[in-house]
Amino acid sequence: SELSIRIGRAGLLSDKSENGEAYQRKKAVATGLPEGPAAPAPPRGNPVQPSSGSWRRIALLILAITIHNIPEGLAVGVGFGAIGKTASATFESARNLAIGIGIQNFPEGLAVSLPLRGAGFSPWRAFWYGQLSGMVEPLAGVFGAFAVVLAEPLLPYALAFAAGAMVYVVMDDIIPEAQISGNGKLASWASILGFVVMMSLDVGLG
């Protein structure tokens, strides 16, 4: 190996660096030995802490879903509180609205719990935080039911804000993250499936 390193220093071997490091690296790879000092392995049992950028994305997603749930709860509350006031305000329509929003709350809870689980939270803690993000919905529903006169005029603007918040988070964070992680194709098919399911619920439940 000394002779090879000297030849490399003399410039006779073009594929070796001046100090022979390239040859030593190739030799180490060929013999299965590590090139340099091995990186310390993370201690077992301790989850890898995500970077500040990952925490920012997780916090933004949780905040957007939590805020997004408030107008949805208002919509359900107004739906039940306005029964009998107009011809279209019936118990069936309010019930269908509650069922539709309840079904689409499942993936929203997963969108909160799964990133927290990936960040190292225990399954029960991740599940609990996912449930907490939806606790604002029944509270807003109670307010909407008892304050129909106040909540009904604000409802279109609140729902538009909720939809815009989710669209922003998906376009700005979730789609780029899926592309970087190599799951772009899967994310595209899941988006199509989700759109089909929601349109089916919209048509089926009225």
V169: side chain to side chain contact (heavy atoms under 4.5 Å, CB included) partners, not counting sequence neighbours: L60, L61, A64, I174
query: I62, L139: one ILVMFWY side-chain cluster at the under-4.5 Å cut-off?
result: no
- prompt: With ILVMFWY side chains joined below 4.5 Å, transitively, what does M199's cluster contain besides itself?
  reply: F195
message: Just to verify, which of Y129, W128, F127 counts as forming a side-chain contact (heavy atoms from CB on, under 4.5 Å) with R125?
response: Y129
statement: side-chain hydrogen bond (donor to acceptor under 3.5 Å, both in side chains) pairs touching residues 69-84, sequence neighbours excluded, are H68-E72, E72-Q104
field: P153 to P156 - nearest heavy-atom pair and separation
entry: O-CD, 3.5 Å
field: Partner residues of V197 under the side chain to side chain contact (heavy atoms under 4.5 Å, CB included) criterion, sequence neighbours left out
entry: L193, L201
task: Kindly work out whether a path of hydrophobic side-chain contacts (I/L/V/M/F/W/Y, heavy atoms less than 4.5 Å apart) joins M135 to I70.
output: no
- request: Among Ile, Leu, Val, Met, Phe, Trp and Tyr joined by side-chain contacts under 4.5 Å, find the other residues sharing a cluster with L159 and list them by chain and number.
  value: L74, V78, F143, V148, L150, L155
query: Does any pair with a residue in residues 186-197 pass side-chain hydrogen bond (donor to acceptor under 3.5 Å, both in side chains), and if so which ones, sequence neighbours excluded?
result: none
- prompt: How many angstroms lie between NZ in K185 and CD in Q179, if you round to the nearest 0.5 Å?
  reply: 9.5 Å
query: Does any pair with a residue in residues 130-144 pass side-chain hydrogen bond (donor to acceptor under 3.5 Å, both in side chains), and if so which ones, sequence neighbours excluded?
result: N105-E137
query: In chain order, what residues pass the side chain to side chain contact (heavy atoms under 4.5 Å, CB included) check against L114, with sequence neighbours excluded?
result: L110
task: Over all heavy atoms of both residues, which pair between P71 and A158 is shortest? Give the atoms and the distance, please.
output: CG-O, 3.2 Å
- request: Find out if a path of hydrophobic residues (ILVMFWY) with successive side-chain heavy-atom gaps under 4.5 Å connects L154 to F161.
  value: no
Residues that, via side-chain heavy atoms closer than 4.5 angstrom, fall in one hydrophobic cluster with V142: F146
- prompt: Which heavy atom in A187 sits nearest to a heavy atom in A178, and how many Å separate them?
  reply: CB-CB, 3.7 Å
message: So, using side chain to side chain contact (heavy atoms under 4.5 Å, CB included) as the criterion, who are the partners of I99 when residues are at least two apart?
response: R95, I103, L205
message: Are Y168 and V112 connected into the same hydrophobic cluster when the rule is that any two of I, L, V, M, F, W, Y join if their side-chain heavy atoms are below 4.5 Å apart?
response: yes
- prompt: Residues sharing F91's hydrophobic cluster, by side-chain heavy-atom contacts under 4.5 Å among ILVMFWY, directly or via others?
  reply: V76, F80, I83, L97, I101
